[in-house]
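Here is the structure we will look at, set down as structure tokens.
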Amino acid sequence: MNKKKMQNVIRVIAERNGVSIDYVRTEIQKIIDIGINNPDPKIRAYWKSIPYKGERPTPDEVIRFFANEMINKK
């Protein structure tokens with residue numbers, strides 16, 4: 001999924017929920033942080049299995065990962 005499609009996905013989520021794009025990104029990042037810091041090693045390992053470039057996955061990287069997972073499971 002390219003950057004333009006990614007921005008569109010986040011924009012649609014924001015519009016459907018009546019919130020800002022920044023709010024959507026912040027909430028997704030909170031979920032990422034909860035997953036990475038989860039005390040269950042299996043959950044932490046799952047979140048760390050998501051390909052990312054920085055210290056932890058970004059909202060864009062997580063959405064891209066889950067979109068690819070859904071496409072590959074069809």
Side-chain angles (χ1 to χ4, degrees):
M1 181 179 294
N2 66 34
K3 187 171 183 163
K4 188 173 182 176
K5 285 183 182 179
M6 185 67 55
Q7 291 172 343
N8 190 49
V9 167
I10 292 175
R11 182 187 55 76
V12 168
I13 293 168
E15 287 175 359
R16 286 186 181 174
N17 290 282
V19 297
S20 71
I21 291 170
D22 286 340
Y23 179 82
V24 171
R25 288 183 175 283
T26 299
E27 292 302 302
I28 294 171
Q29 191 62 56
K30 286 178 186 178
I31 293 165
I32 294 166
D33 294 342
I34 289 168
I36 294 259
N37 295 320
N38 193 294
D40 184 328
K42 289 180 183 179
I43 293 173
R44 276 196 321 269
Y46 179 78
W47 279 93
K48 289 185 179 186
S49 75
I50 297 171
Y52 57 95
K53 295 181 181 176
E55 185 176 316
R56 43 185 72 208
T58 65
D60 288 2
E61 290 166 329
V62 167
I63 292 171
R64 185 175 298 112
F65 174 78
F66 288 128
N68 287 333
E69 287 286 301
M70 290 171 46
I71 290 168
N72 292 331
K73 290 192 179 192
K74 283 187 176 182

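Just so you know, these numbers use all the heavy atoms, side chains as well, and skip hydrogens, waters and symmetry mates. Predicted model only: the values in this text are computed from it and were never measured.
Residue pairs meeting the side chain to side chain donor-acceptor pair (under 3.5 Å) criterion with at least one partner in residues 8-19, sequence neighbours excluded, are Asn8-Arg11, Arg11-Glu15.
For Lys48, the salt bridge (charged side-chain N to carboxylate O under 4.0 Å, His left out) test picks out no residue, with sequence neighbours left out.
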Item to check | Worked verdict on Val62 versus Trp47 for side-chain contact (heavy atoms from CB on, under 4.5 Å) | outcome: CA-CA 9 Å; Val62 167; Trp47 279 93; 4.0 Å; yes
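We find the CD1-CD1 distance between Ile63 and Ile50 to be 11.0 Å, quoted to the nearest 0.5 Å.
Without hydrogens or angle criteria, Glu61 side chain to Lys53 main chain gives a donor-acceptor distance under 3.5 Å.
Put simply, Val12 and Val19 are part of two different groups of oily side chains (I, L, V, M, F, W, Y) that touch within less than 4.5 Å, one to the next.
The 12-atom threshold is not exceeded at OH of Tyr23, counting heavy atoms of other residues, nucleotides or ligands nearer than 6.0 Å.
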Identify all side-chain donor-acceptor contacts of residues 24-45 below 3.5 Å with residues at least two apart in sequence or on another chain.
{"residue": "Arg25", "atom": "NH1", "partner": "Asp60", "partner atom": "OD1", "Å": "2.9"}
{"residue": "Arg25", "atom": "NH2", "partner": "Asp60", "partner atom": "OD1", "Å": "3.2"}
{"residue": "Thr26", "atom": "OG1", "partner": "Asp22", "partner atom": "O", "Å": "2.8"}
{"residue": "Glu27", "atom": "OE2", "partner": "Lys30", "partner atom": "NZ", "Å": "3.0"}
{"residue": "Gln29", "atom": "NE2", "partner": "Asp33", "partner atom": "OD1", "Å": "3.2"}
{"residue": "Asp33", "atom": "OD1", "partner": "Arg56", "partner atom": "NH1", "Å": "3.0"}
{"residue": "Asn37", "atom": "ND2", "partner": "Asp33", "partner atom": "O", "Å": "2.9"}
{"residue": "Asn38", "atom": "OD1", "partner": "Asp40", "partner atom": "N", "Å": "2.7"}
{"residue": "Asp40", "atom": "OD1", "partner": "Lys42", "partner atom": "N", "Å": "2.8"}
{"residue": "Arg44", "atom": "NH1", "partner": "Asn38", "partner atom": "O", "Å": "2.8"}
{"residue": "Arg44", "atom": "NH1", "partner": "Pro39", "partner atom": "O", "Å": "3.1"}

